[in-house]
Chemist: 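Attaching a single structure in structure tokens format; questions to follow.
Just so we're on the same page: letters track the sequence lines, and every chain starts at 1.
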2 protein chains.
Amino acid sequence: MNIGELARRTGSSARSIRHYDKAGLLASHRRDNGYRDFSDEAVPQVMQVARMIRLGFSLEEITTFPPCMLRQVTNAVCPDALAAHRERLAEVDRQLFDLARLRERLLTVLGANEPHLPPTERAPHEPS
Amino acid sequence: MNIGELARRTGSSARSIRHYDKAGLLASHRRDNGYRDFSDEAVPQVMQVARMIRLGFSLEEITTFPPCMLRQVTNAVCPDALAAHRERLAEVDRQLFDLARLRERLLTVLGANEPHLPPTERAPHEPS
DNA sequence: CTTGACCTTGACACCAGTGTCAGGCGCTAG
DNA sequence: CTAGCGCCTGACACTGGTGTCAAGGTCAAG
């Protein structure tokens with residue numbers, strides 16, 4: 001299929017798909033006219049890459065992942081990629097820790113000037 | 001004092017101080033030779049700006065803050081800036097929420113493939 | 001043939017504070 | 001005079017996925 005249809009099927013933009021393709025993540029081939037020709041398996045591949053990006057992995061990191069990451073469509077992750085996920089989790093934990101401390105600092109400033117601070121509540125949000 | 005001494009006293013780089021100065025946050029004047037001449041009050045000013053940046057405010061935001069933010073050296077924040085801090089806190093809460101959800105997703109992936117996941121622990125970190 | 005939709009590559013913009021370099025001037029000690 | 005340090009401005013790089021534009025090729029419908 002052409003890149004346009006792949007974009008429609010995956011919800012990613014053609015621009016992004018070209019980016020993933022250039023990174024060697026999609027295993028496409030070219031027609032005689034130069035057009036990219038994607039097989040059906042490119043659909044889950046693109047969605048997988050998009051999912052990894054949403055999890056906070058960079059394209060460069062994804063490039064280093066073993067090929068099974070992009071071949072498998074199941075929920076299972078091939079063993080070789082688990083380490084990357086663990087590292088990513090540790091990074092997220094560090095960010096959570098830093099952010100929590102930042103929150104404490106802000107509460108300190110607010111609390112020192114505005115004693116009526118609300119209880120520690122969470123603001124719902126819709127990122128991705 | 002010259003910018004070099006101010007940099008030494010505050011721990012910020014001369015490059016950053018020029019940046020803050022160009023943003024109009026430091027109230028410096030120039031000598032006949034073109035050099036910036038900072039008074040002693042610039043020291044807490046720079047540190048205050050650096051503190052705000054560490055709290056996650058952008059220079060543009062800081063620029064909109066009332067002048068009292070940079071004049072006062074006390075721990076107290078002038079009332080007009082409290083709103084900005086509350087908004088910043090809400091933003092931090094949103095980030096915490098998103099990050100927590102991201103963490104859940106990572107744990108789901110890891111948990112589905114590696115049932116022996118460690119308890120929810122925090123990794124100590126030193127940002128600033 | 002013409003129109004229009006779709007494809008190609010390449011390049012710039014974005015965010016925002018900071019590092020760093022280039023080219024040049026000021027000032028002081030020898 | 002000169003060596004050396006400090007200061008000046010201006011500009012580019014960096015991060016990194018994505019939007020967007022330019023200039024041009026492909027191809028099917030009319």
Chemist: Taking CG from D32(B) and C1' from dC27(C), how many angstroms apart are they, rounded to a whole number?
Modeler: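 One finds 14 Å between C1' of dC27(C) and CG of D32(B), rounded.
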Chemist: Is any side-chain heavy atom of E61(B) closer than 4.5 Å to a side-chain heavy atom of R88(B)?
Modeler: no
Chemist: Can you give me the first and the last nucleotide of DNA chain D (5' to 3') that has an atom within less than 4.0 angstrom of a non-hydrogen atom in chain B?
Modeler: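 Using the under 4.0 Å cut-off, the span is dG6(D) to dA11(D).
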Chemist: Rounded to whole angstrom units, what separation is found between the NE2 atom of H19(B) and the C1' atom of dT20(C)?
Modeler: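 To the nearest whole Å, that distance equals 15 Å.
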Chemist: So do L102(B) and R54(A) actually touch side chain to side chain, heavy atoms under 4.5 Å?
Modeler: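 A side-chain contact is absent here, since even the closest heavy-atom pair is not under 4.5 Å.
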Chemist: I need a per-nucleotide contact map over nucleotides 1-10 of chain C, read 5' to 3'. Cutoff is protein heavy atoms under 4.0 Å; write B for the base, S for backbone only, - otherwise.
Modeler: -----BSBB-
Chemist: Do the non-hydrogen side-chain atoms of I53(B) and Y20(B) ever get within less than 4.5 Å of each other?
Modeler: yes
Chemist: Which class fits the ring pair F57(B) and H85(B): parallel under 30°, tilted 30 to 60°, perpendicular over 60°?
Modeler: tilted
Chemist: NA contact type, Y20(A), heavy-atom cut-off 4.0 Å: base, sugar-phosphate, or nothing?
Modeler: sugar-phosphate
Chemist: For dC15(C), does OP1 or OP2 lie under 4.0 Å from any side-chain N or O of S58(B)?
Modeler: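 Answer no for this pair, as no side-chain N or O of S58(B) is under 4.0 Å from OP1 or OP2.
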Chemist: Does the side chain of H19(A) reach to within under 4.5 Å of the side chain of V49(A), using non-hydrogen atoms?
Modeler: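 Answer no - side chains too far apart.
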Chemist: L99(A) versus R103(A): any side-chain heavy-atom pair under 4.5 Å?
Modeler: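 No, too far: nothing below the 4.5 Å cut-off.
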Chemist: Under 3.5 Å, side chain of N33(B) to main-chain N/O of Y35(B), donor-acceptor pair present?
Modeler: yes
Chemist: Any heavy-atom pair between the side chains of L106(B) and E91(A) that's under 4.5 Å?
Modeler: no
